Structures are given as structure tokens and as C-alpha cells.
Peer 1: 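Just passing along the structure, written as C-alpha cells.
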Amino acid sequence: MRDFSADHRWLSLNTATVRKQGDLVQIIEACARHGIRAIDPWRDQVAGVGLDRAVRAIGDAGLELSGYCRGGMFTSDAARRREVRDDNRRAIDEAKALGAPCVVLVVGGLPQFSRRGSTPSRDIGAARAQVEDAIAEMLAYAGEVGMPLAIEPLHPTYAADRACINTTRQALDICDRLDPGRTGLLGVALDVYHIWWDSEVLSQIARAGKDRLLAFHVCDWLVPTKDMLNDRGMMGDGVIDIRALRAAVEAQGFCGYSEIEIFSNAWWDQPIDDVLRTCIARHRTVV
Ligand code: ZN
């Protein structure tokens, strides 16, 4: 297992962590001030400054990307299928322009929440089937341009509105069905916030193996959690054994960035330099 205690070479910042403190260019400048080497930007933040300007700012700062957030939200009614497909193709094109190693997929829950205005449904089985069909379609395009797709299973609390793929096993089942040859184009983004509770997580990480482990996200689970979306904890402030999970992915050969992704009303209220200083300190001591 890599030793993170001496530096933060393998720290990547998911830019949602400081999305309230500045635009993407300001976030990139802050990363440069703190010697952060990689980011995972969100599409709306890229759009906020313009794709060309984002590409330039990332290049000028010499940053790498650890992913691109996000594609997905595949579930919709029939009237919106084309919109969903085109939107996801654009996500791949943007990821390519930005030099991302993968597009992270948050797959969507029930259609009325994933694509607003869709006819309401209670059929989560149908939603899961639709997700798999849509990933198959997206994978064909991803293969043409050589952009890997990383399915991020989300904690079951988000099954209705964000992702009906809720365990690493479910995500890997899809990978095995759609990419039996393990081409490297389809894998998982494992976020400790979503997987820490799962009794199967260690065996599923071993099942994934290096070629399916495309991204690793860290934060912490606070007790109590006051807001199901925006009360994630800074690493070390909650109950997740982050180091055990990192050890498990690294035992499979994962050697990429440890990406900090914290949606938190509390941390969004703090000055960006304080947040980044704390991220770096916790990366060294807790991750
Ligand atoms: Zn994540």
C-alpha cells in the first residue's frame, strides 16, 4: 500500500468539494497554490467557464484529471431517450477534450427524478434494465473514441432520485455482461461514502480487479448525517475505515488518484484555502 504520509502526490480534488467558493478557473488556481496535481471537474463547472477556457486552464496549471463528473441519468420516459443519449455523448466528447481518464456515471433512479418531466414510475426493475441498455449504447460510442466509462454505485438512500445501481456487485454484474472481454472501457468508480457499509465490498473489490477499478473517491460518513446529499464529512471526521478500503483497491493494483469528493454545506462555507489545507492534512493522516 502506498505511503501518503509524506506528500500529496496522489491527492485529486473533485471540484464539487469547493463548488460554492469559486468558478473552475479559481479552483484550478487554488489547486496550483497548494501543489494539488489532479482534479475531477463537473460538467456544469466546465460549462460555467466554457470548455475551451477549462482546457487551457487545466493545461496551463499542468493538472491531470482523475475523472470527469458526470455522465448518466439514463432513466427517462420514451420522449427523452434521444436527449439522454446525446447528452451522454457530449459528456464523452468533453471528457476527451479535457484529457480525462474516464467518465464517471451516476446512472439515474426513477425516471421522473433523473430526467425532470418524465412520466412517473415506481418500477425500479425497469429503471435498472433501462440503465443497462443505455450503458451498452454509450459504451459503443465510448469505444469509438477510447473513453472508459466508470459506473459509480451509490448508497441505497439515493436509489429513487440518483442511482438505482446501489452495490459494487450490481455495477460489476453490468460490467461483466456488457464487457465480458475486460477491454478496459468499462469499470467502476468506487466512493467510500457509497460502499463502506456493504458486507460484500472487499470480495467485490477483489472481483473487480485492476482493470475494472477506474476511480477511487474519498470523504467520510458523519453520525448523525443531517442532510442526505450535502452533509458528507471530511476524511477522519466520520466512521468509514478509509485506509482499509484503499488497501483493498491497491491490493488489486489500483495506483491512481485518491479523489476527495465532499458535498457539504459546512465545508462550502469555509474559505477555499482552509478547505484545501485540511484536505491535504487528512489525505496524509487518514486516507
Ligand atoms: Zn463519488
Side-chain angles (χ1 to χ4, degrees), residues 10-19 27 36 38-46 64-74 91 95 98 100-109 114 131 135 148-159 161-168 170-172 174-175 186-198 201 204-205 208 212-222 225 227-235 237-242 245-246 248-249 254 256-265 267-268 275 279 282-283 286-287:
W10 292 107
L11 186 164
S12 173
L13 181 73
N14 184 297
T15 57
T17 304
V18 286
R19 68 156 57 248
I27 292 168
I36 289 172
I39 60 171
D40 178 350
W42 281 65
R43 291 186 73 192
D44 64 301
Q45 292 174 298
V46 168
E64 291 193 336
L65 264 59
S66 56
Y68 188 44
C69 279
R70 58 176 160 57
M73 292 294 164
F74 295 114
L98 291 160
C102 62
V103 174
V104 175
L105 302 182
V106 172
V107 299
S114 299
V131 163
I135 293 175
L149 305 179
I151 303 169
E152 183 168 9
L154 298 200
H155 188 283
T157 194
Y158 305 108
D161 58 350
R162 285 192 163 69
C164 58
I165 302 302
N166 306 106
T167 62
T168 308
Q170 278 179 294
L172 289 172
I174 292 175
C175 291
L186 189 59
V188 292
L190 295 185
D191 186 324
V192 299
Y193 196 73
H194 298 303
I195 63 171
W196 72 276
W197 58 274
D198 184 351
V201 69
Q204 292 298 317
I205 287 171
R212 294 266 199 241
L213 293 168
L214 301 184
F216 182 65
H217 300 173
V218 298
C219 65
D220 215 334
W221 186 280
L222 300 179
T225 291
D227 180 301
M228 289 317 294
L229 185 62
N230 296 324
D231 193 28
R232 293 188 181 202
M234 178 63 67
M235 299 78 69
D237 289 347
V239 297
I240 301 177
D241 189 346
I242 299 169
L245 292 166
R246 184 165 73 83
V249 298
F254 177 82
Y257 285 98
S258 190
E259 177 181 321
I260 298 173
E261 182 182 38
I262 304 172
F263 309 150
S264 162
N265 293 320
W267 287 102
W268 284 327
V275 177
C279 285
R282 300 297 178 86
H283 176 84
V286 183
V287 176

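Whatever order the structure lists ligands and atoms in, that order sets their numbers, starting from 1. Positions are given from 1, in the same order as the sequence printed here. All of these numbers come straight from a predicted model, not from anything done at the bench.
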Peer 1: For the residue pair Trp221 and Trp196, categorise the inter-ring angle as parallel (less than 30°), tilted (30 to 60°) or perpendicular (more than 60°).
Peer 2: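 Ring orientation, 0 to 90° scale: tilted.
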Peer 1: If I consider every N, O or S atom in Glu152, which one ends up closest to the Zn ion (ligand 1)? I only need its name.
Peer 2: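 Glu152's closest N, O or S atom to the Zn ion (ligand 1) is named OE2.
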Peer 1: Identify, by name, the N, O or S atom of Glu261 lying closest to the Zn ion (ligand 1).
Peer 2: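 This residue's closest N, O or S atom turns out to be OE1.
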Peer 1: When you measure from the Zn ion (ligand 1) to each N, O or S atom of His217, which atom gives the shortest distance?
Peer 2: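 Minimum-distance N/O/S atom of His217 relative to the Zn ion (ligand 1) is ND1.
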Peer 1: Please name the atom of Asp191, restricted to N, O or S, that is closest to the Zn ion (ligand 1).
Peer 2: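 Asp191's closest N, O or S atom to the Zn ion (ligand 1) is named OD2.
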Peer 1: Decide, yes or no, whether a salt bridge links Arg282 with Asp220 under the criterion of side-chain N to carboxylate O below 4.0 Å.
Peer 2: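 Not counted as a salt bridge, because no side-chain N and carboxylate O are separated by less than 4.0 Å.
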Peer 1: With no hydrogens and no angle check, is any side-chain donor or acceptor of Arg162 less than 3.5 Å from a backbone partner on Val106?
Peer 2: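 No, Arg162 side chain to Val106 backbone: no donor-acceptor pair under 3.5 Å.
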Peer 1: Is the backbone N or O of Cys175 less than 3.5 Å from a side-chain atom of Arg212, with the two atoms forming a donor-acceptor pair by type?
Peer 2: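 Pair found, side chain donor or acceptor close to backbone of Cys175.
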